[in-house]
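The block underneath contains the structure these notes are about, expressed in structure tokens.
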Amino acid sequence: MADVTIAGLAREGGVGVETVRYYQRRGLLETPARPEGSGSSGGIRRYTADDVRRLRFIRSAQAAGFTLEQIGELVAMDATDDRARARQLANERIAALDAKIQELKRVRASLERLAHECGSGSEGPCPILTAFDAD
């Protein structure tokens with residue numbers, strides 16, 4: 001892959017240019033130096049395949065639910081090979097996902113009960129509507 005502009009990097013990573021800039025401000029992505037001179041590459045920053053890989057890593061880590069702070073820590077660990085901390089972060093994320101799954105199961109069970117009560121044909125307002133009525 002040839003070096004790309006910030007727009008090309010954003011496109012390859014499936015984000016907008018402003019997202020790339022935001023990640024740069026947060027220290028998650030490097031900002032390459034602006035080359036000097038004139039011609040086709042003068043003054044335009046170029047990003048490498050490594051930058052694309054890093055951007056994709058950030059997006060994948062976000063999709064797994066890691067915060068930008070945690071992603072920054074994971075990125076920094078890449079240079080240190082700190083597997084214990086990486087494993088700890090992953091286990092923390094798994095625990096958070098397990099808690100969310102339990103919460104979603106409770107919500108699902110409540111909605112199933114309400115849907116059943118709503119379909120029972122009893123008189124009065126629908127239990128689904130009254131359950132969400134904020135008094």
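Note that the coordinates shown come from a computational prediction; the quantities given were computed from them, not determined experimentally.
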Quiz prompt | Side chains of Arg56 and Glu12 in contact at under 4.5 Å (non-hydrogen atoms) | solution = yes
Practice problem: Examine Tyr23 and Val17 and state if one hydrophobic cluster contains both, with Ile, Leu, Val, Met, Phe, Trp and Tyr joined whenever side-chain heavy atoms are less than 4.5 Å apart. | Solution: yes
Quiz item: Can you check whether Thr5 reaches Tyr47 side chain to side chain, under 4.5 Å on heavy atoms?
Solution: no
Exercise. Just jot down the side-chain contact (heavy atoms from CB on, under 4.5 Å) partners of Ala90, sequence neighbours excluded, or say none.
Key: none
Exercise. Using a 4.5 Å cut-off on heavy atoms from C-beta on, say whether the side chain of Thr80 contacts that of Met77.
Key: yes
Practice problem: Ignoring hydrogens and angles, tell me if any N or O in the side chain of Arg45 forms a donor-acceptor pair with the backbone of Ala33 under 3.5 Å. | Solution: no
Quiz item: Is there a side-chain contact between Glu73 and Leu89, using heavy atoms and a 4.5 Å cut-off?
Solution: yes
Practice problem: For the pair Glu18 and Arg21, evaluate salt bridge (Lys or Arg N to Asp or Glu O under 4.0 Å) and give the outcome as yes or no after the intermediate values. | Solution: CA-CA 5 Å; Glu18 286 306 314; Arg21 289 186 177 125; 2.8 Å; yes
Quiz prompt | Contact check, side chains of Ile44 and Arg46, non-hydrogen atoms, under 4.5 Å | solution = yes
Self-check item: Inter-residue atom distance His116.NE2 - Ile128.CD1, 0.5 Å rounding
Solution: 12.0 Å
Exercise. Check the pair Glu30 / Arg54 against salt bridge (Lys or Arg N to Asp or Glu O under 4.0 Å), numbers first and verdict last.
Key: CA-CA 10 Å; Glu30 295 291 323; Arg54 172 67 55 85; 5.8 Å; no
Self-check item: Any side-chain donor near an acceptor of the partner, Arg59 and Gln62, under 3.5 Å
Solution: yes
Practice problem: Could you walk me through whether Tyr22 and Leu68 pass the side chain to side chain contact (heavy atoms under 4.5 Å, CB included) test, one step at a time? | Solution: CA-CA 11 Å; Tyr22 178 72; Leu68 290 180; 3.4 Å; yes
Quiz item: Atom NZ of Lys100 and atom CG of Asp98: how far apart are they, to the nearest 0.5 Å?
Solution: 13.0 Å
